[in-house]
Amino acid sequence: MTQESTNPEAVGEAVRVRFAPSPTGYLHIGGARTALFNYLFARQCGGTLVLRIEDTDRERSTPEATQAILDGMRFLGLDWDEGPEVGGDYGPYFQSERDGLHRELVERLLAAGKAYHCFKTSEELVRLREEHRDAASFTAAVREDLDPAEVSSRLAAGERATVRFRVPEGETVIDDLVRGEVRVSNSDIEDFVIARADGSAVYNLAVVGDDNGMGITHVMRGEDHLSNTSKQLLLFEALGFSVPRYAHISLILAPGGGKLSKRHGAVSVTEYEEKGYLPEAMINFLARMGWSYDDKEEIFSLEDLVEKFSLDGVSNSGAVYDLKKLDHLGGHYMRQRPLEELVEMSLPFLLRSEQVQIDLEEVVSGGGGRERFEAIIALEQERINRLEELPERVGYYFEDPEQPDKGARKALRKKKDSVPLVERYGESLTAQFPDGWGSGDHEILEEHVKSFLEKEDAGLGDLAQPVRAVLTGRGATPGLFEVMAILGMETCLRRLGKLQEWVDKAVS
RNA sequence: GGCCCCAUCGUCUAGUCGGGCCUAGGACACCGGGUUUUCAUCCCGGCAACUGGGGUUCAAAUCCCCAUGGGGUCACCA
């Protein structure tokens with residue numbers, strides 16, 4: 001078994017790969033990873049990424065799903081060279097529009113005697129399957145050498161017939177780029193249907209026709225297609241087409257093991273987008289599921305991946321996805337993003353929230369509200385993993401907290417004797433800052449508190465803990481003085497005034 | 001059930017092709033500790049794996065076989 005290099009030079013032709021989702025739902029994270037791998041492979045070797053929509057399941061395919069898939073790809077930053085909305089020389093790129101092409105192929109196979117009409121009704125087929133457990137005997141039962149004249153007369157009489165491929169004897173070998181040689185005895189492959197009674201092509205034939213028609217050189221797809229591959233190979237040979245290279249990627253498994261489904265939470269790229277995960281985090285996460293570079297690096301940008309991706313690094317065992325890891329990457333990239341961009345991205349998440357009042361106009365126009373808003377985001381930037389976390393964390397900047405949370409109550413109980421100290425602190429603030437302070441003045445506040453505590457001969461903990469609790473209603477927040485700076489003096493003093501009341505409540 | 005794929009820490013994985021450098025490396029999670037006004041970040045440390053059994057060999061996580069386990073697939077769906 002020779003595992004050639006995945007280097008396109010060794011292949012001797014321009015690489016053309018495809019991502020071929022069927023638009024029956026949103027872009028699944030497994031599909032997204034397949035798309036990513038195809039994208040990386042194409043970009044790395046200067047090849048072409050084709051996006052083909054396999055919408056031949058008329059019952060389940062929807063335009064909405066197609067749109068969702070395109071949106072998902074764009075969110076991730078995976079652009080395609082040929083396909084919907086961009087066109088190309090190998091179109092059409094919707095499989096349903098290639099029906100004529102597929103029918104021609106069926107005719108060719110029929111004419112060459114490599115396929116035949118099957119008049120068995122579905123009831124008969126159900127029975128045959130029960131009687132014939134294995135492919136070989138099923139084929140023997142279903143395959144009948146009808147007289148051509150009889151076939152045409154029955155067809156002319158309006159009898160319904162599918163077209164089946166006549167599977168030849170022998171063995172089919174898949175030379176898979178990640179799995180090596182996979183051998184399947186043809187006797188394990190039944191004479192499968194390639195055209196429905198209405199003449200339209202069934203999946204395997206359509207794929208072969210399209211992959212060939214689109215000049216695809218490498219087919220990279222999920223392992224669930226491995227069993228289709230032998231059938232497709234048979235078709236390629238029967239049609240005299242040159243066979244593409246194959247690479248079957250292992251599936252992404254649900255946390256408990258097993259196939260990923262809606263039960264396991266978010267499985268569509270759209271859902272992750274809505275949760276506010278950054279696309280670069282998704283890309284990094286997806287790439288590391290089933291692919292690795294070495295024994296050190298974990299962080300990869302899309303650009304890094306284009307450079308470093310290799311089929312050699314693709315593992316052949318299934319990968320259970322771990323949301324904790326995604327969160328970690330989410331936080332990492334959150335801290336990498338320029339503040340300006342985060343501000344823009346945060347807005348939609350915050351505008352949705354009722355407890356956050358943002359003067360959108362002012363933020364967008366860059367007025368004082370903008371400065372304040374940026375300061376808030378800057379503080380949260382290093383603490384969140386996804387944008388969705390924002391609204392519930394920043395409520396206290398916009399409304400006085402009504403209740404202390406658990407951590408705040410604990411702080412209030414522990415420092416209940418600090419009430420007089422805090423009262424004097426409030427007075428000191430008033431005296432020191434007659435005109436208040438700006439949202440970026442935390443250093444001044446910190447200096448002031450130091451000298452205040454020195455005079456009082458008290459520790460910062462005794463003051464900061466209860467102050468944080470009554471100012472924010474929380475036991476944990478960003479640095480107290482940063483928060484106070486943004487809150488402004490008026491708000492701080494007003495909330496500080498409630499300390500005794502809050503302590504009483506917390507203690508009782 | 002038939003056929004096919006797979007098998008290293010809880011999870012993602014390096015190492016497996018070209019046996020010795022592996023007393024099995026990294027990351028996430030978890031548990032300690034440090035920094036800090038709390039949280040987060042960051043830093044240090046710890047826990048934790050070659051599925052089992054046979055071979056081959058001076059030597060096996062690495063090669064072979066079997067078992068077991070997991071996954072996929074068996075439509076006039078894609």
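So that the names make sense, note that chain A is the first sequence line, chain B the second, and so on, each numbered from 1.
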What nitrogen or oxygen pairs link the protein and nucleotides 49-52 of chain B at under 3.5 Å?
none

Could you work out the separation of [N] and [M] based on their [atom1] atoms and round it to a whole Å?
N: B:G69; M: B:G26; atom1: P; value: 34 Å
N: B:G1; M: B:C9; atom1: C1'; value: 35 Å
N: B:U16; M: B:A61; atom1: P; value: 13 Å
N: B:C42; M: B:A24; atom1: P; value: 27 Å
N: B:C74; M: B:A27; atom1: C1'; value: 38 Å
N: B:U11; M: B:U37; atom1: P; value: 40 Å
N: B:U35; M: B:U68; atom1: C1'; value: 50 Å

Margin query: Closer than 3.5 angstrom, by distance alone: can the side chain of A:T34 be matched with the main-chain N or O of A:R221 as a donor-acceptor pair?
Written below: no

Report the base-pairing partner of [N] (Watson-Crick or G-U wobble, both distances below 3.5 angstrom), or none.
N: B:A7; answer: B:U68
N: B:U73; answer: B:G2
N: B:C30; answer: B:G46
N: B:C63; answer: B:G55
N: B:C22; answer: none

Next item on the list: Can you tell me the distance, in whole Å, between the CG atom of A:L205 and the C1' atom of B:C76?
Entry: 13 Å

Item checked: Summary of protein contacts for nucleotides 27-45 of chain B, nucleotide by nucleotide, where a base hit scores B, a sugar-phosphate-only hit scores S (4.0 Å, heavy atoms) -> BSS-------BBBBS----

Any salt bridge between [X] and [Y], counting N to O under 4.0 Å?
X: A:E223; Y: A:R179; result: yes
X: A:D99; Y: A:R103; result: yes
X: A:D191; Y: A:R166; result: no
X: A:E454; Y: A:K450; result: no
X: A:D198; Y: A:R58; result: yes

Check: How about A:N186 and A:E171: does a side-chain donor come under 3.5 Å of a side-chain acceptor?
Finding: no

Margin query: Is it true that A:H448 and A:S428 share a donor-acceptor pair across their side chains at a distance under 3.5 Å?
Written below: yes

Margin query: Below the 4.0 Å mark, does B:G72 have OP1 or OP2 next to a side-chain nitrogen or oxygen of A:S227?
Written below: no

Check: Any side-chain N or O of A:S315 under 4.0 Å from OP1/OP2 of B:U13?
Finding: yes

Next item on the list: Using the ring of A:F37 (Phe, Tyr or Trp, six-membered ring only), decide whether A:R33 places NZ or CZ under 6.0 Å from its centre and within 45 degrees of its axis.
Entry: yes

Note to self: When you measure from the centre of the six-membered ring of A:F19, is the NZ or CZ of A:R52 closer than 6.0 Å and no more than 45° off the axis?
What the structure shows: no

Margin query: Under 3.5 Å, is there any donor-acceptor pair linking the side chain of A:N228 to the base of B:A78?
Written below: yes

Notebook entry, point to check: Hey, is the side chain of A:R179 pairing donor to acceptor with the base of B:C5 inside 3.5 Å?
Noted result: no

Check: Under a 4.5 Å cut-off applied to non-hydrogen side-chain atoms, are A:W291 and A:F300 in contact?
Finding: yes

Counting side-chain heavy atoms from C-beta on, which of [options] comes nearest to [X]?
X: A:D224; options: B:C12, B:G2, B:G72; value: B:G72
X: A:D57; options: B:G2, B:A78, B:G71; value: B:A78
X: A:R164; options: B:G1, B:A14, B:C76; value: B:C76
X: A:R196; options: B:A78, B:C6, B:A14; value: B:A78
X: A:R160; options: B:A7, B:C12, B:C76; value: B:C76

Check: When the nearest nucleotide of RNA chain B is assigned to A:N204 and to A:Y321 on a heavy-atom basis, which residue is associated with the more 5' position?
Finding: A:Y321

Check: In terms of the nearest nucleotide of RNA chain B, which residue is placed more toward the 5' end: A:A201 or A:V184?
Finding: A:V184

